[in-house]
Protein chains: 2
Amino acid sequence: MPSSSGSALKYPCEQCPIRGLKVFRPFTAEELGFVASFKAGELVVDPRATILQEGTSSTHLFTVLIGWAFRYKMLPDGRRQILNFALPGDFLGLQASMFNEMTHSVEALTSMTLCVFPRERIWELYEHHASLSFDVTWLAAREEQILDSHLLNVGRRNAIERTAYLILHLFMRARDVGLAGKANLALPITQQHLADTLGMSIVHTNKTLRRLYDRKLISWKSQRLEILDMEALKEIAEWDGESTGQLRPLI
Amino acid sequence: MPSSSGSALKYPCEQCPIRGLKVFRPFTAEELGFVASFKAGELVVDPRATILQEGTSSTHLFTVLIGWAFRYKMLPDGRRQILNFALPGDFLGLQASMFNEMTHSVEALTSMTLCVFPRERIWELYEHHASLSFDVTWLAAREEQILDSHLLNVGRRNAIERTAYLILHLFMRARDVGLAGKANLALPITQQHLADTLGMSIVHTNKTLRRLYDRKLISWKSQRLEILDMEALKEIAEWDGESTGQLRPLI
DNA sequence: TCGGGTTATTGATTCATGCCAATGCCGCGC
DNA sequence: GCGCGGCATTGGCATGAATCAATAACCCGA
């Protein structure tokens with residue numbers, strides 16, 4: 001599905017727009033060289049585009065360069081659960097490489113640019129680049145860590161705690177990759193997305209947000225979210241830190 | 001914490017009690033040789049023992065050889081969410097290897113025997129054993145897949161669907177490793193564990209189970225669960241298959 | 001600038017689930 | 001055989017959350 005333009009890349013790895021961010025661990029020339037050769041192209045998609053589809057088998061892996069997406073699963077009757085969001089630096093499609101078939105879908109929230117890697121070469125990475133294969137595992141473990149937190153969130157926090165937690169989570173992740181200000185960010189999602197992440201109905205999500213507005217903890221209009229009282233929000237959410245604090249790899 | 005007995009192992013890799021199961025992919029002599037050398041000892045624990053603790057950093061990795069355990073997170077006020085269960089063949093403690101600090105705890109449900117691997121040698125595995133490092137990633141991806149399903153379950157299914165789904169999930173996993181009969185298994189958990197997995201109160205879990213008994217879909221007494229009507233249960237759960245169908249690695 | 005579609009908001013009502021409290025059941029040690 | 005502790009069960013009630021329904025606000029394209 002993704003057409004990897006044979007022509008020159010807009011973002012060759014040597015001029016990667018995000019690698020310079022201080023959250024990413026420095027790569028050796030050798031590592032960078034392999035990643036550059038591994039990269040087969042760039043995929044540019046519009047908002048709402050489906051990047052990966054549950055039940056299909058993708059021949060590609062992706063790293064988000066620019067933009068936001070979300071991973072989700074659906075029940076046959078249409079109920080949707082958003083599992084996680086993907087931001088610049090996040091790796092998508094690993095499951096298809098391991099199991100042949102995607103067990104979730106991925107949809108773009110904004111216009112996006114993704115690095116495209118051919119799945120059949122992942123094995124080369126494992127054979128010849130121990131540090132990078134360690135990195136792939138690292139990324140998988142981090143995703144697992146986030147899912148653990150979300151499961152705790154949906155399973156054991158009530159509506160207001162849960163919402164506060166998710167807002168903090170999104171803010172921290174955006175901030176890590178330079179997409180947030182001191183206490184605000186452009187959040188390209190609707191209340192429906194929030195609801196589907198939180199495991200709540202959209203109406204109840206709306207009412208819960210209202211309580212957060214009324215208590216002057218956050219403001220959110222026209223896609224811009226502002227955190228007005230970080231401490232109070234953390235208190236409500238029983239926030240625990242969550243970040244690994246470590247430099248992370250960027251494949 | 002785990003004392004790796006310098007003395008002879010009770011279960012040397014060459015006589016692994018589970019590797020022969022047909023769910024596990026065959027290993028080459030070379031792979032098996034490394035795993036055998038990687039294995040530093042065996043850990044035997046009683047039910048209720050804490051194997052890994054959130055917030056600490058473990059110097060060991062484990063593979064479950066015998067017994068059941070569960071992974072969980074807790075909120076400061078004591079609410080607990082069970083994230084997943086661990087059965088023979090499952091790998092524990094990867095997070096500590098990647099991030100230094102555990103972000104969840106693991107507790108034994110039964111008497112257990114675990115293979116113990118020294119964390120500092122994981123790097124050796126990545127450097128010299130591409131196929132095994134691929135396997136570690138595979139295991140991480142599978143865990144992620146299960147967490148995705150659980151998140152969908154807790155976030156979007158109602159009490160009876162959710163319970164039906166979890167019961168099926170546990171049954172299938174036990175069956176995969178030879179721990180279940182055609183439609184029954186020894187399930188070493190209490191209703192409290194179920195409740196903490198499902199994100200429900202224990203009372204409501206009990207009432208939901210009663211509805212399943214009343215409809216003659218399952219029976220569960222003295223730790224033995226029997227599935228009386230698999231098809232009906234799958235229908236309620238909107239069961240989707242879930243298994244990768246692939247042979248899995250065993251580190 | 002208008003119009004239609006999406007998203008957000010709100011109140012009213014119903015329903016699902018949580019919480020409290022009491023009881024029963026069972027295994028175990030002595 | 002008794003008493004104790006952990007687990008399971010049940011009814012009653014409180015409340016959080018879903019659903020229904022109506023409207024408002026907003027965005028985008030013609």
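- The shortest non-hydrogen separation linking Tyr72(A) to Val106(A) is CE2-N, 4.3 Å.
- Partners of Ala108(A) according to the side-chain contact (heavy atoms from CB on, under 4.5 Å) rule, which considers only residues two or more places apart in sequence or in another chain, are Val45(A), Ile51(A), Met112(A).
- The bend of the helix from dT1(C)-dA30(D) to dC30(C)-dG1(D), defined by the angle between the axes of its first five and last five pairs, stands at 40° to the nearest 10°.
- A pairwise comparison of heavy atoms in Ala141(B) and Gln95(A) identifies O-NE2, 3.6 Å as the closest pair.
- Under 4.0 Å is where a charged nitrogen must lie from a carboxylate oxygen, and between Arg173(B) and Asp90(B) at least one such pair does.
- The side-chain heavy atoms of Ile146(B) and His169(B), taken from C-beta on, include a pair separated by under 4.5 Å.
- Between Val64(A) and Leu92(A) there is a side-chain heavy-atom pair separated by less than 4.5 Å.
- Salt bridge Arg156(B)/Asp196(A): present, at least one basic N to carboxylate O contact under 4.0 Å.
- Leu21(A) and Val177(A) get closest at one heavy-atom pair: CD1-O, 3.7 Å.
- Within a 6.0 Å radius of CD in Gln192(B), other residues, nucleotides and ligands contribute more than 12 heavy atoms.
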TODO: Take Glu238(A) and Arg79(B) through the salt bridge (charged side-chain N to carboxylate O under 4.0 Å, His left out) test and state the conclusion after the steps.
DONE: CA-CA 11 Å; Glu238(A) 304 207 30; Arg79(B) 284 175 284 180; 3.1 Å; yes
What does the list of N/O pairs under 3.5 Å between the protein and nucleotides 24-29 of chain C look like, with a distance for each?
none

Where do N or O atoms of nucleotides 9-13 of chain D meet protein N or O atoms at under 3.5 Å, pair by pair?
{"residue": "dT9(D)", "atom": "OP2", "partner": "Gln191(B)", "partner atom": "NE2", "Å": "2.6"}
{"residue": "dT9(D)", "atom": "OP2", "partner": "Asn206(B)", "partner atom": "ND2", "Å": "3.0"}
{"residue": "dT10(D)", "atom": "OP2", "partner": "Arg210(B)", "partner atom": "NE", "Å": "2.3"}
{"residue": "dG11(D)", "atom": "N7", "partner": "Lys207(B)", "partner atom": "NZ", "Å": "3.4"}
{"residue": "dG12(D)", "atom": "O6", "partner": "Lys207(B)", "partner atom": "NZ", "Å": "2.9"}

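- Residues His150(B) and Leu83(B) approach most closely at ND1-O, 3.2 Å, considering heavy atoms.
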Give each protein N/O atom lying under 3.5 Å from an N/O atom of nucleotides 15-17 of chain D, with the pair distance.
{"residue": "dA17(D)", "atom": "OP1", "partner": "Ala159(A)", "partner atom": "N", "Å": "3.2"}
{"residue": "dA17(D)", "atom": "OP2", "partner": "His204(A)", "partner atom": "NE2", "Å": "3.1"}
{"residue": "dA17(D)", "atom": "O5'", "partner": "His204(A)", "partner atom": "NE2", "Å": "3.2"}

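- At whole-Å resolution of the value, CG in Leu187(A) and C1' in dT7(C) are 15 Å apart.
- Projected onto DNA chain C by closest heavy-atom contact, Arg156(A) and Gln192(A) fall at different nucleotides, the more 5' of which corresponds to Gln192(A).
- Ring geometry, Trp239(A) versus Tyr165(A): the interplanar angle falls from 30° to 60°, so the pair is classed tilted.
- Listed by first and then second residue, the ring pair (Phe, Tyr, Trp, His ring centres under 6.0 Å) pairs that reach into residues 176-218 of chain A are Phe70(A)-His193(A), sequence neighbours excluded.
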